[in-house]
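What follows is a single structure, written as structure tokens, with notes after it.
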Amino acid sequence: MTKPTESSNPCCSSPYSYERAEVTPALEAVIEKAVRVLARDGLVVYPTETVYGLGADALSEVAVYKVYEAKQRPMGKPISVAVSDIEMIYGVAYVDEFAERFIQKFLPGPVTVVLPVKSCLPPDLSGGTGTIGIRYPDHAVAQAIIAGLDSPITSTSANISGEVSPVTSDQVNVPHDYLIDGGKLPGTPSTVINLATKKIERPGAMLEEIASFLKEEL
């Protein structure tokens with residue numbers, strides 16, 4: 001890994017303008033480079049509808065280790081993954097009927113769903129919990145990167161563990177190989193919900209809607 005040395009041009013001027021935007025031709029080269037970096041086990045900082053994430057190929061043990069090293073995060077402490085479609089969720093986790101209803105209603109969006117993990121992911125990501133946190137970000141650039149790699153990537157904020165999650169590119173303080181500057185991001189963290197226990201593990205975005213759904217379902 002190297003210290004930050006290169007950034008792309010900003011991909012938006014408003015912190016909310018990207019949410020359902022199309023990937024423009026100008027961004028295609030940026031996304032293609034990000035995919036190439038990820039494919040060789042590199043680290044990419046990417047924008048989401050919450051904060052900047054630190055992405056690595058979530059199917060590569062080498063890449064996953066680099067994420068822990070960059071964040072100075074203790075090995076075995078779980079890290080979530082990000083996907084580009086619902087089919088990819090089924091590829092890495094077991095989904096029951098309740099989880100399927102929740103996913104269909106709230107994803108893509110600023111929500112992390114916790115589900116029983118399949119063996120295709122490196123064990124360090126689940127930290128021995130038997131579950132994995134999954135993000136399906138509502139952000140065209142993030143989705144395009146993941147789809148281009150055709151693999152889930154890590155979904156963890158691009159900061160040293162315990163420090164402030166970055167909402168601008170200049171707040172990113174972890175080593176990385178490539179950064180996509182998405183301007184200032186909203187900053188509200190995703191709500192984390194364990195769909196096996198049906199409990200909210202961390203309140204965040206869309207909390208009222210999720211709480212209402214749980215009340216109706218339980």
E32: side-chain contact (heavy atoms from CB on, under 4.5 Å) partners, not counting sequence neighbours
R36
State, with a plain yes or no, whether a side-chain heavy atom of P166 is found less than 4.5 Å away from one of N173.
no
Contacts of A142 that satisfy side-chain contact (heavy atoms from CB on, under 4.5 Å) - sequence neighbours left out:
Y46, P137, H139
Can you tell me which residue pairs pass the ring pair (Phe, Tyr, Trp, His ring centres under 6.0 Å) test with a partner in residues 179-210, sequence neighbours excluded?
none
Test of understanding: clusters of I, L, V, M, F, W, Y form through side-chain heavy atoms closer than 4.5 Å, transitively. Do V95 and V114 belong to the same one?
no
Student check: side-chain heavy atoms of Q104 and I86 closer than 4.5 Å
yes
Pairing residues for D170 by the side-chain hydrogen bond (donor to acceptor under 3.5 Å, both in side chains) criterion, not counting sequence neighbours:
T168
By side-chain hydrogen bond (donor to acceptor under 3.5 Å, both in side chains), which residues pair with Y52, not counting sequence neighbours?
D181
Given side chains that start at C-beta, do those of V30 and Y178 come closer than 4.5 Å, heavy atoms only?
yes
Are the side chains of L115 and I89 in contact, using a 4.5 Å heavy-atom criterion?
yes
Between V174 and A70, the two heavy atoms sitting closest are CG1-O, 3.7 Å
Is there side-chain contact between T188 and P110, with heavy atoms separated by less than 4.5 Å?
no
Looking only at heavy atoms, which two atoms of L121 and A58 are closest? And how far apart?
CD2-O, 3.7 Å
Do V62 and V35 land in one hydrophobic cluster if side-chain heavy atoms of ILVMFWY residues count as linked below 4.5 Å?
no
In chain order, what residues pass the side-chain hydrogen bond (donor to acceptor under 3.5 Å, both in side chains) check against E217, with sequence neighbours excluded?
R101
Is it the case that over 12 heavy atoms from other parts of the model lie below 6.0 angstrom from the NZ atom of K199?
no
Please give me the minimum heavy-atom distance between V51 and L185, naming the atom from each residue.
C-CD1, 3.4 Å
Residues two or more places apart in sequence or in another chain: which of them pass ring pair (Phe, Tyr, Trp, His ring centres under 6.0 Å) with F102?
F106, F213
Side chains of residues 122-130: which donor-acceptor pairs under 3.5 Å do they make with residues two or more places apart or in other chains?
{"residue": "S126", "atom": "OG", "partner": "P123", "partner atom": "O", "Å": "3.1"}
{"residue": "T129", "atom": "OG1", "partner": "S126", "partner atom": "O", "Å": "2.6"}
{"residue": "T129", "atom": "OG1", "partner": "T131", "partner atom": "N", "Å": "3.2"}
{"residue": "T129", "atom": "OG1", "partner": "T131", "partner atom": "O", "Å": "3.1"}
{"residue": "T129", "atom": "OG1", "partner": "T131", "partner atom": "OG1", "Å": "3.1"}

D150 to M88 - nearest heavy-atom pair and separation:
C-CE, 4.3 Å
Atom pair NE2/NZ of H176 and K66 - distance to nearest 0.5 Å
13.5 Å
Check whether more than 12 heavy atoms from other residues, nucleotides or ligands sit under 6.0 Å from atom OH of Y65, and answer yes or no.
no
Shortest non-hydrogen contact from I146 to V83?
CD1-O, 3.6 Å
Rounding to 0.5 Å, atoms NZ (K118) and CD1 (I132) come to a distance of 13.5 Å
Got a list of side-chain donor-acceptor pairs under 3.5 Å for residues 189-198, not counting sequence neighbours?
{"residue": "S190", "atom": "OG", "partner": "T112", "partner atom": "OG1", "Å": "2.8"}
{"residue": "S190", "atom": "OG", "partner": "R202", "partner atom": "NH2", "Å": "3.0"}
{"residue": "T191", "atom": "OG1", "partner": "G204", "partner atom": "N", "Å": "2.8"}
{"residue": "T191", "atom": "OG1", "partner": "G204", "partner atom": "O", "Å": "3.2"}
{"residue": "T191", "atom": "OG1", "partner": "A205", "partner atom": "N", "Å": "3.3"}
{"residue": "T191", "atom": "OG1", "partner": "A205", "partner atom": "O", "Å": "2.6"}
{"residue": "N194", "atom": "OD1", "partner": "A196", "partner atom": "N", "Å": "2.9"}
{"residue": "N194", "atom": "OD1", "partner": "T197", "partner atom": "N", "Å": "3.1"}
{"residue": "N194", "atom": "ND2", "partner": "E201", "partner atom": "OE2", "Å": "3.0"}

Taking I160 as the starting point, is it possible to reach V172 by hopping between hydrophobic residues whose side chains are less than 4.5 Å apart?
yes
side-chain contact (heavy atoms from CB on, under 4.5 Å) filter on S212, not counting sequence neighbours, yields E216
Checking side-chain polar atoms at under 3.5 Å, does T48 have a donor or acceptor matched by the opposite partner on T50?
yes
Could you list the residues that satisfy side-chain hydrogen bond (donor to acceptor under 3.5 Å, both in side chains) with S60, not counting sequence neighbours?
D41
E163 versus Q72: any side-chain heavy-atom pair under 4.5 Å?
no
So which atom in T154 and which in L54 form the shortest heavy-atom distance, rounded to 0.1 Å?
OG1-O, 2.7 Å
Say whether I200 and F98 are linked into one hydrophobic cluster, either directly or through other cluster members, by side-chain heavy-atom distances under 4.5 angstrom.
yes
Is L43 close to V67 at the side-chain level, that is, under 4.5 Å between some pair of heavy atoms?
yes
Salt bridge (Lys or Arg N to Asp or Glu O under 4.0 Å) pairs touching residues 72-97, sequence neighbours excluded, are none
Heavy-atom check, side chain of Y68 versus side chain of I79, under 4.5 Å:
yes
For the side chain to side chain contact (heavy atoms under 4.5 Å, CB included) test, which of S155, P108, P152 pairs with Y136?
P108
Are V167 and M206 connected in the hydrophobic side-chain network, where two residues link if heavy atoms are under 4.5 Å apart?
no
Could you tell me the separation between the CZ atom of R135 and the OG1 atom of T156, rounded to the nearest 0.5 Å?
11.5 Å
